[in-house]
Each structure stands twice: as C-alpha cells, then as structure tokens.
Amino acid sequence: MRKLLNCITLMLVAFGLVMTGAPDAFAKKKKKIPKKPSYVGAVKCNGSCHDPYYQAWVNTPHGKSFASLKAGEKGDAKKAAGLDPEKDYSADPTCLRCHTTGYRQKGGFKPAGSKTKKGKDTSTAIDPEEPNKEQVGCEMCHAAAGGSQFRVVMKNTKGDFKKSDTEKYGMRWDYANVCSRCHMHPQSPHKDEKFDYEASKSMVHDKEKYFSEDNMDQKLEKVEDRAAETAVSQEKPLRIEEWKFKKSGKLKFKKGTRPYSTKKKKVLYKKE
Ligand code: HEC
Ligand code: HEC
Ligand code: HEC
C-alpha cells in the first residue's frame, strides 16, 4: 500500500512538473542555432519557405550544372575549354568545386565513390527529380560556408530578420562579388568566358511566375526593409577562394582566401 502511495505521489509531482514546464515549452518553440555552418542543400529551402525561388532555380543552368559534367554532354563547350567531350567528369574534383554545392566541405556534396577510412559509402544521394547538392545551389551564392545556421535564424524570426542578423552566420549579401567564386575565376578551365553581372543577375531565379495561390504566403514581407539596409558585405566583399586538391580529392583552400573561419566563427573580407 505504502509503495503504491509513494508511486502515486511521484507521478503527481512529475505531472505537475510537466504542466508548469509546458507553457514555457510552447512559447519557446525556437530551434537552436547549430554551432558551425554546414551545407544543407537547396531542397531544404524548398517545401514551405522559398518554393518559387527553388522552382525558378531548377530551370536555370545552375540547377542543371551537374549534368554538364557527364560524358557526351555539352561537347562544344568542353572542346572550347580544352576538355575531352567523351570523358565523364562527374567525379572529378577540379570540376566539382564550381559545378556543385559545397564540394567536400561540411555537409556539402561528395561524389560517387566517396568512402570513410573503414569503407563506408559517404557519397551524396542524387534524386534526378529533385535537384539538390549536386548542382550549384542557393548556398553557393548566399552562404560563405553553408546555410545551416542562418536557416534557423530565418525560421526563428519567421522571416523578420535584419541582414546583420544573418551576416554573422555567414549569409552573404555581396551579390556582385559572389559570382566570381566561379565565373571568370583564375582557376576556371573556361578561359574565354565573358561575364556581366548586371546583365545576368535576373536569371538566377526569375521567381515571379512561380508564385501561385498555394505559395503566395511565401512572398517576403520584409524584403523592402532589408533592401534599405546596407550589409557589411555589400561594402566589404568577402574573400574569394583559391584552392588545390589533395590526392584523396579533398579540397584545400589557399591560405588567406577563405571567406569564413570556423575556428574564429567569423566572416572574412577581402583586404582593402
Ligand atoms: C559555385 C559556382 C558559381 C557561382 C557562385 C555562380 N555561378 Fe553562374 N554558373 C556556374 C556554372 C557551373 C554554370 C554552368 C552551368 C551549366 O550549364 O552546367 C553557370 C552558369 C551561369 C549562367 C549561364 C551561362 C552564362 O555564363 O551565360 C549565368 C547567366 C550565370 N551562371 C550567372 C551567375 C550569377 C549572376 C552569379 C552570381 C550572382 C553566378 N552565376 C554565380 C557556377 C556558378
Ligand atoms: C572555377 C569554376 C569552374 C571550374 C573549375 C569548372 N567550371 Fe565548368 N563552368 C563554370 C562556369 C562559371 C560556367 C558557365 C560559364 C561558361 O559557360 O563559360 C561553366 C560551364 C561549363 C560547361 C558549359 C555548360 C553550357 O551549358 O554550355 C561545361 C560543359 C563545363 N562547365 C564543364 C566543366 C568541366 C568538365 C570542368 C572540369 C574539368 C569544369 N567545367 C570546371 C565554372 C567552372
Ligand atoms: C547564382 C547565384 C544564386 C543562386 C544559386 C541563388 N540565388 Fe538567391 N539571390 C541571388 C541574387 C543575386 C539575389 C539578389 C537579386 C537582385 O538583386 O535582384 C538573390 C536574392 C534572393 C532572395 C531575396 C533576399 C532578400 O531578402 O533580399 C531570396 C529569398 C533568395 N535569393 C533565395 C534563394 C533560394 C531559395 C535559392 C535556391 C533555390 C537561391 N536563392 C539561389 C543569387 C542566387
């Protein structure tokens, strides 16, 4: 009998604790910001927040950049770059840095054949119906080292955030500069490329025609307020990476060219 009473008391206490804790738990539905930035992939930006951007992006060359690496694709462009049109470049590190999202970086794309030391397959799954990390995704233009952190900031604030709130988590607003991570880059094999930011920026996600009744609630309410704000990276563009590859295919950035330091948790700007 005594045991039973004890048990009931315990249950009542526990119940009481849960109930007093409950309203608090409901109020604080905010998610914790991950400690380090990592790549999450374009699919995470789709499906409730930025669907029209995703749909527009899928239909641009950036949303199809992986296919160009396959044998037999875009033969003329490959010839022009001194490449072999019959060769399959879809696991070639020297191409993947610019043709995919976060190649071999935290959370980023890993090509077929990637393994841990113990032989476990770590290659990124590819779904042809749903372009994701295997393409030049959102994070290659919007993030210094991946969007995992500022994605939580956007969610927690329900879109009501300032540029500065996201900038410290590696969101970048240096749009005219960010393209040069790949376009006209000194390490590009496409030596005769011409690139004009002003002429091409509207094609990156020409989203207007993808808004419908179903996703109208995703129109960004604060976009005008943000446009009036100048982010630090708009005045001081971020560093542009230069790189080399280890034998294992691992990407190594040249000293002083990384746009984000995970150790210092800091965005790094170009030297003036
Ligand atoms: C991570 C590398 C990367 C970044 C950053 C990047 N691009 Fe690209 N871009 C590519 C690749 C790769 C292609 C070719 C895709 C394909 O067809 O295979 C491409 C193709 C294009 C094309 C079509 C081909 C051409 O040159 O006319 C345009 C336009 C373009 N990008 C504009 C932009 C703009 C504007 C930005 C910056 C806001 C930008 N890109 C940032 C990698 C990048
Ligand atoms: C420094 C970044 C960079 C690297 C490295 C790079 N590319 Fe590209 N690639 C681009 C950009 C930017 C474009 C779009 C502009 C252009 O067509 O010149 C592009 C375009 C292409 C296209 C033409 C797509 C089209 O629609 O015409 C092919 C094919 C291609 N790349 C293949 C490759 C292959 C194969 C490699 C590796 C051997 C490679 N690229 C390495 C940035 C890069
Ligand atoms: C090739 C580079 C590039 C890629 C890839 C890209 N964007 Fe953008 N994005 C831009 C540029 C440039 C602007 C600013 C456009 C302008 O000034 O007209 C922008 C603006 C935006 C904005 C408005 C931000 C604000 O508050 O002002 C959102 C939201 C956005 N992009 C989401 C996405 C999503 C989601 C994806 C992936 C599905 C994506 N972007 C892929 C370059 C890119």
Side-chain angles (χ1 to χ4, degrees), residues 40-47 49-85 87-103 108-109 131-132 135-143 147 151 154 159 161-163 166 171-207 210 218-229 231 234 240-243 245:
V40 298
V43 168
K44 287 264 194 240
C45 315
N46 185 31
C49 295
H50 298 306
D51 304 13
Y53 286 85
Y54 178 85
Q55 287 157 22
W57 166 78
V58 163
N59 288 315
T60 67
H62 294 131
K64 301 175 180 144
S65 54
F66 188 67
S68 300
L69 303 178
K70 302 232 163 97
E73 297 286 332
K74 311 275 170 75
D76 290 344
K78 283 183 186 142
K79 271 192 222 150
L83 301 166
D84 178 357
K87 194 178 152 187
D88 178 18
Y89 288 98
S90 64
D92 185 328
T94 63
C95 315
L96 295 171
R97 159 57 180 70
C98 298
H99 279 256
T100 67
T101 299
Y103 171 71
F109 179 76
N132 201 10
Q135 318 289 348
V136 174
C138 324
E139 293 162 291
M140 289 312 281
C141 292
H142 289 290
R151 178 168 173 263
M154 294 190 285
F161 61 87
K162 292 206 181 74
K163 286 178 180 171
T166 55
M171 183 179 266
R172 52 197 297 167
W173 301 86
D174 56 342
Y175 295 138
N177 178 53
V178 75
C179 318
S180 67
R181 270 182 133 173
C182 307
H183 289 272
M184 311 284 281
H185 192 281
Q187 287 174 265
S188 174
H190 315 296
K191 296 294 178 207
D192 53 2
E193 184 191 358
K194 289 178 189 68
F195 182 74
D196 177 347
Y197 171 70
E198 287 305 325
S200 56
K201 69 171 177 186
S202 61
M203 69 62 87
V204 298
H205 34 47
D206 193 6
K207 66 219 177 268
Y210 297 94
Q218 295 180 16
K219 279 259 179 195
L220 304 180
E221 284 171 25
K222 297 290 167 183
V223 72
E224 312 246 308
D225 296 350
R226 274 195 293 275
E229 181 194 349
Q234 284 174 281
I240 294 296
E241 301 93 330
E242 286 169 40
W243 56 84
F245 300 98

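Whatever order the structure lists them in is the order used to number ligands and atoms, beginning at 1.
Counting heavy atoms closer than 4.0 Å to ligand 3, residue Cys45 contributes side-chain atoms (C-beta onward) but none from N, CA, C or O.
Heavy atoms of Trp173 approach ligand 3 to within less than 4.0 angstrom. Within the structure, the closest approach of Asp92 to ligand 2 does not fall below 4.0 Å when heavy atoms are considered.
Of all atoms in ligand 3, listed by their number and element, those nearer than 4.0 Å to a heavy atom of Leu220 are 23 (C), 29 (C). Annotation for ligand 2: atoms under 4.0 Å from non-hydrogen atoms of Pro189 are 4 (C), 5 (C), 6 (C), 39 (C), 41 (C). Close approach of ligand 2 to Lys78 is summarised as follows: ligand atoms under 4.0 Å from at least one heavy atom of the residue are 29 (C). Close approach to Val223 involves these atoms of ligand 3, each under 4.0 Å from a residue heavy atom: 25 (C), 26 (O), 27 (O). Below 4.0 Å from some heavy atom of Thr94 lie the following atoms of ligand 2, by number and element: 5 (C), 41 (C). Of all atoms in ligand 3, listed by their number and element, those nearer than 4.0 Å to a heavy atom of Tyr54 are 38 (C). If you number the atoms of ligand 2 from 1 as listed, the ones under 4.0 Å from a heavy atom of Leu83 come out as 34 (C), 35 (C), 38 (C).
Contact record, Asn132 with Val43: OD1-N, 3.1 Å, taken as the closest heavy-atom pair.
Surrounding NZ of Lys191 are more than 12 heavy atoms belonging to other residues, nucleotides or ligands, all under 6.0 Å away. Under a cut-off of 6.0 angstrom, the local environment of NZ in Lys44 is sparse, with at most 12 non-hydrogen atoms contributed by other residues, nucleotides or ligands. Residue Lys162 qualifies as open at atom NZ: its count of foreign heavy atoms under 6.0 Å is 12 or below. Other residues, nucleotides and ligands place no more than 12 heavy atoms under 6.0 Å from the CG atom of Asp76. Atom CD of Glu242 has more than 12 neighbouring heavy atoms from other residues, nucleotides or ligands inside a 6.0 Å radius.
Closest approach between atom 8 (Fe) of ligand 3 and any N/O/S atom of His205 involves NE2.
Checking side-chain atoms of Glu139 against main-chain N and O of Val40 turns up a donor-acceptor pair under 3.5 Å.
In this structure Ser65 satisfies the side-chain hydrogen bond (donor to acceptor under 3.5 Å, both in side chains) test with no other residue, sequence neighbours excluded. Residues satisfying the ring pair (Phe, Tyr, Trp, His ring centres under 6.0 Å) test with His185, not counting sequence neighbours, are Trp243. Residues forming a ring pair (Phe, Tyr, Trp, His ring centres under 6.0 Å) with His142 (at least two apart in sequence, or on another chain): Tyr175.
For ligand 3, the polar-atom distance check finds an N/O of Arg226 within less than 3.5 Å of one of the ligand's N/O atoms.
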For each nitrogen or oxygen atom of ligand 1, which protein N/O atoms lie closer than 3.5 Å, and how far apart are they, rounded to 0.1 Å?
from, atom 1, to, atom 2, distance (Å)
ligand 1, 7 (N), His62, NE2, 3.0
ligand 1, 7 (N), His183, NE2, 2.9
ligand 1, 9 (N), His62, NE2, 2.8
ligand 1, 9 (N), His183, NE2, 2.9
ligand 1, 18 (O), Ser68, OG, 2.5
ligand 1, 31 (N), His62, NE2, 2.7
ligand 1, 31 (N), His183, NE2, 2.8
ligand 1, 40 (N), His62, NE2, 2.9
ligand 1, 40 (N), His183, NE2, 2.8

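Ring planes of Tyr53 and His50: perpendicular class, angle over 60° (limits at 30 and 60°). Note on ring orientation: taking the six-membered ring where Trp is involved, the planes of His183 and Phe195 are parallel (angle under 30°, cut-offs 30° and 60°).
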